[in-house]
Amino acid sequence: MNPSPPPRRSFGAEVVTGVGDAFRPVVRLLDRFGDHVILLARSLAWLPRRPFRPANYLEACEYIGVGSLPIVLLVGFFTGAVMGLQAVYAFRQFQLESFAGGTTGKALAVELAPVLSALMVAGRSGAGIATELGTMRITEQIDALESMAVSPLQFLVLPRLIAGMLMAPILSLLFFIVAMVGCYFLAVVVQHVDHGQFVLHTRDLLTTTDVAQGMLKSIVFGLIVTLIGCYQGYNAAGGGRGVGLGTTRAVVFSSVTILISDYFLSDILLRVMSSDTGVR
Amino acid sequence: MSDADDVPLAQAHPRWHLRVRGLTKSFGAKLVLDKLDLDVERGKVNVIIGASGAGKSVLIKHFMCLLRPDRGSIWVDGTDVFALGTQPLSLFRRKFGLVFQFSALFDSLTVEENCAFPLREHTKKSKAEIKDIVRDRLAALGLDGMQAMYPGSLSGGQRKRVGLARALVLEPEILIFDEPTTGLDPLATRNVDDMILGVMDRYKVTSVVISHDMASVFRIADRIAMLHERQILVAGTVDEIRGSEIPYLYEFIRTSGVAAAGAAP
Ligand SMILES: Nc1ncnc2c1ncn2[C@@H]1O[C@H](COP(=O)(O)OP(=O)(O)OP(=O)(O)O)[C@@H](O)[C@H]1O
Ligand SMILES: [Mg+2]
């Protein structure tokens with residue numbers, strides 16, 4: 001065989017293709033982002049429309065909230081305990097171990113509780129949502145809903161998005177409370193830090209603003225997890241394998257998105273509602 | 001052009017309930033339907049035959065706008081299906097009952113809840129009324145007593161019948177069956193055929209049936225259309241199709257083991 005030489009192309013055309021190639025991943029990312037925004041907007045548009053189907057919302061809340069509760073509590077307790085342990089050891093050098101509760105509490109309230117509980121929800125409920133909707137998509141149950149004049153966005157997607165935004169902050173708050181219990185247990189019971197000092201410094205350092213910041217973040221994280229889960233499920237294709245891939249993607253994408261958006265959310269929240277001790 | 005065009009598309013035609021014009025649909029680079037025209041006769045059993053993968057399921061999904069075409073239009077009683085907005089489309093879809101190829105029952109709901117679903121969504125009937133209607137429909141299909149079972153524990157034939165019961169509860173004007181008999185044993189196939197004829201008798205609906213099974217097709221069809229190479233190769237009454245000498249159609253019928261050319265089933 002004699003392969004024909006590639007057609008000659010102008011320098012300009014080469015540059016245009018080259019630049020296009022270089023930006024393709026970025027374009028794809030923006031494309032995907034846009035798809036998620038469209039799914040969100042189209043679902044929210046159903047919010048004020050009848051019928052409201054409270055049962056679907058309750059079921060979604062139960063699935064996301066109650067379902068993720070045990071693992072959130074378990075991880076919460078041990079996170080608080082290990083943070084307390086590290087803080088006590090670090091502060092002991094300066095005889096300041098009674099500050100362990102306050103510093104740990106701040107970190108937990110603002111960062112660790114919302115982020116870690118959201119990661120737990122992503123692993124459990126986000127994956128579950130992607131699998132459930134994905135299975136419904138490939139077995140034509142979503143088409144069946146539509147054929148019966150029921151909007152799958154209103155029936156399936158919207159309740160999950162709302163439930164995510166409601167449940168994530170509650171889970172985060174519970175995570176925080178259990179983690180503080182873990183921290184107290186480690187510091188006061190195990191490491192014999194003085195109870196009165198511990199409580200006093202915790203009260204001094206930890207503010208309601210910190211807790212509020214954490215919960216605000218959680219609302220966004222809850223939306224991210226459920227939106228990505230729903231997107232992957234709703235757009236599933238390619239049989240059981242496709243559903244599996246979608247589930248994996250849901251967990252990976254939502255985890256990464258949580259961690260990245262946490263940075264930007266923190267930045268914004270520190271500016272608009274920084275507590276007394278923030279760096280400005 | 002079709003003989004059904006004596007009445008403008010934007011007007012209900014007395015004979016043709018649903019008219020498809022120039023329907024073109026591709027998935028990515030794969031062209032599945034190409035400028036397809038089809039007329040569906042009112043109050044009759046319209047069967048669509050064609051090879052596996054020909055695009056029959058894709059075609060019927062356009063009827064109620066579950067898929068949107070690249071080009072072309074579908075007219076139901078003067079309504080341009082693809083021009084409908086969200087709310088009107090939702091109303092429009094209630095005219096249809098669709099029995100899916102793989103049933104598409106809701107896994108998380110029992111048989112009874114599956115059948116009650118359209119009633120609960122679209123009527124103001126009480127729980128007791130709904131229960132009665134559902135029991136009625138299930139009994140008519142030989143499924144009474146299975147109300148509390150989940151679709152996962154039903155056989156394929158039972159699932160099909162539950163799917164039919166679900167499609168029937170709202171008394172649709174147009175009933176669409178996607179391969180109702182594929183994968184059923186001969187007796188169950190006969191059963192489903194009788195069921196379809198029974199439904200036709202009782203509810204005076206227009207039905208569209210997709211089928212591969214020529215014996216069953218000749219039993220139930222009033223009209224037959226063949227989908228081949230992205231278009232309707234031929235459409236006509238049962239006798240016209242039997243007498244047809246179009247090679248592909250002839251071959252399709254002959255190899256199915258059912259005598260073509262005028263022989264009785
Ligand atoms: N959602 C989709 N995405 C991509 N391709 C699709 C999709 N749906 C259908 N197709 C393709 O369209 C073609 C027609 O599919 P369709 O399901 O309509 O066939 P069919 O005539 O119903 O066959 P069968 O008798 O086996 O059910 C197939 O080649 C299929 O791969
Ligand atoms: Mg099919």
Side-chain angles (χ1 to χ4, degrees), chain A residues 38-39 41-60 62-64 67 125 128-160 233-240 242-243, chain B residues 27-28 57-58 60-68 84-109 113-124 151-152 159 162-170 172 174-179:
Chain A
I38 291 168
L39 181 65
R42 284 177 53 207
S43 303
L44 287 179
W46 282 98
L47 191 57
R49 294 193 212 169
R50 281 172 189 285
F52 298 122
R53 302 192 184 90
N56 291 24
Y57 289 84
L58 282 178
E59 201 182 311
E62 188 190 336
Y63 183 71
I64 296 168
S125 307
I129 289 171
T131 311
E132 188 185 3
L133 295 198
T135 307
M136 290 187 77
R137 165 61 76 195
I138 60 161
T139 57
E140 298 186 313
Q141 291 176 55
I142 290 184
D143 284 331
L145 270 181
E146 247 180 312
S147 82
M148 287 185 266
V150 172
S151 158
L153 296 181
Q154 187 187 21
F155 194 86
L156 298 171
V157 176
L158 185 60
R160 286 165 172 78
Y234 194 74
N235 296 302
V243 175
Chain B
F27 292 103
S57 298
V58 169
I60 53 137
K61 280 187 184 166
H62 283 86
F63 288 1
M64 54 205 316
C65 201
L66 296 181
L67 288 173
R68 281 183 185 274
L84 293 170
T86 311
Q87 294 294 63
L89 179 62
S90 169
L91 279 171
F92 169 81
R93 279 178 176 154
R94 291 177 214 174
K95 288 185 186 203
F96 287 85
L98 174 53
V99 184
F100 283 84
Q101 184 165 2
F102 303 105
S103 306
L105 300 175
F106 302 123
D107 295 330
S108 55
L109 303 181
E113 289 164 340
N114 262 287
C115 296
F117 187 86
L119 291 169
R120 285 219 297 251
E121 284 296 323
H122 297 306
T123 68
K124 296 207 162 29
R159 293 169 64 98
V162 176
L164 174 59
R166 182 176 71 177
L168 278 175
V169 285
L170 282 182
I174 302 180
L175 248 185
I176 305 172
F177 300 86
D178 196 347
E179 307 200 12

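All values derive from a computational prediction rather than experimental measurement. Residue numbering restarts at 1 for every chain, and letters A, B, ... go by the order of the sequence lines.
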A side-chain contact here means heavy atoms from C-beta on lying under 4.5 Å apart; do A:I138 and B:F102 qualify? no
Chain A heavy atoms under 4.5 Å from B:F117: which part of the residue, side chain, backbone, both or neither? side chain
Measuring heavy-atom distances to chain A, does B:S103 have an atom under 4.5 Å in its side chain, in its backbone, in both, or in neither? neither
So, do A:M136 and B:D107 sit near enough that their side-chain heavy atoms are less than 4.5 Å apart? no
Give me the atom names and distance for the closest heavy-atom approach of A:S147 to B:M64. O-CE, 3.5 Å
Need one label for A:L145: side chain, backbone, both or neither, based on atoms under 4.5 Å from any heavy atom in chain B. both
Options B:S90, B:A104, B:P118, B:G163, ranked by heavy-atom pairs under 4.5 Å with chain A, top entry: B:A104
For B:F100 against A:E140, the heavy-atom pair lying closest together: CD2-OE1, 3.4 Å
Just wondering, more than 12 heavy atoms not from B:E121 lying within 6.0 Å of its CD? yes
If you take all heavy atoms of B:H122 and A:M148, which pair is closest and at what distance? NE2-O, 2.6 Å
For the CZ atom on A:R42, are there more than 12 heavy atoms of other groups (residues, nucleotides or ligands in this structure) within a distance under 6.0 Å? no
Under 4.5 Å heavy-atom distance to chain A, tell me which part of B:L105 shows up: side chain, backbone, both or neither. backbone
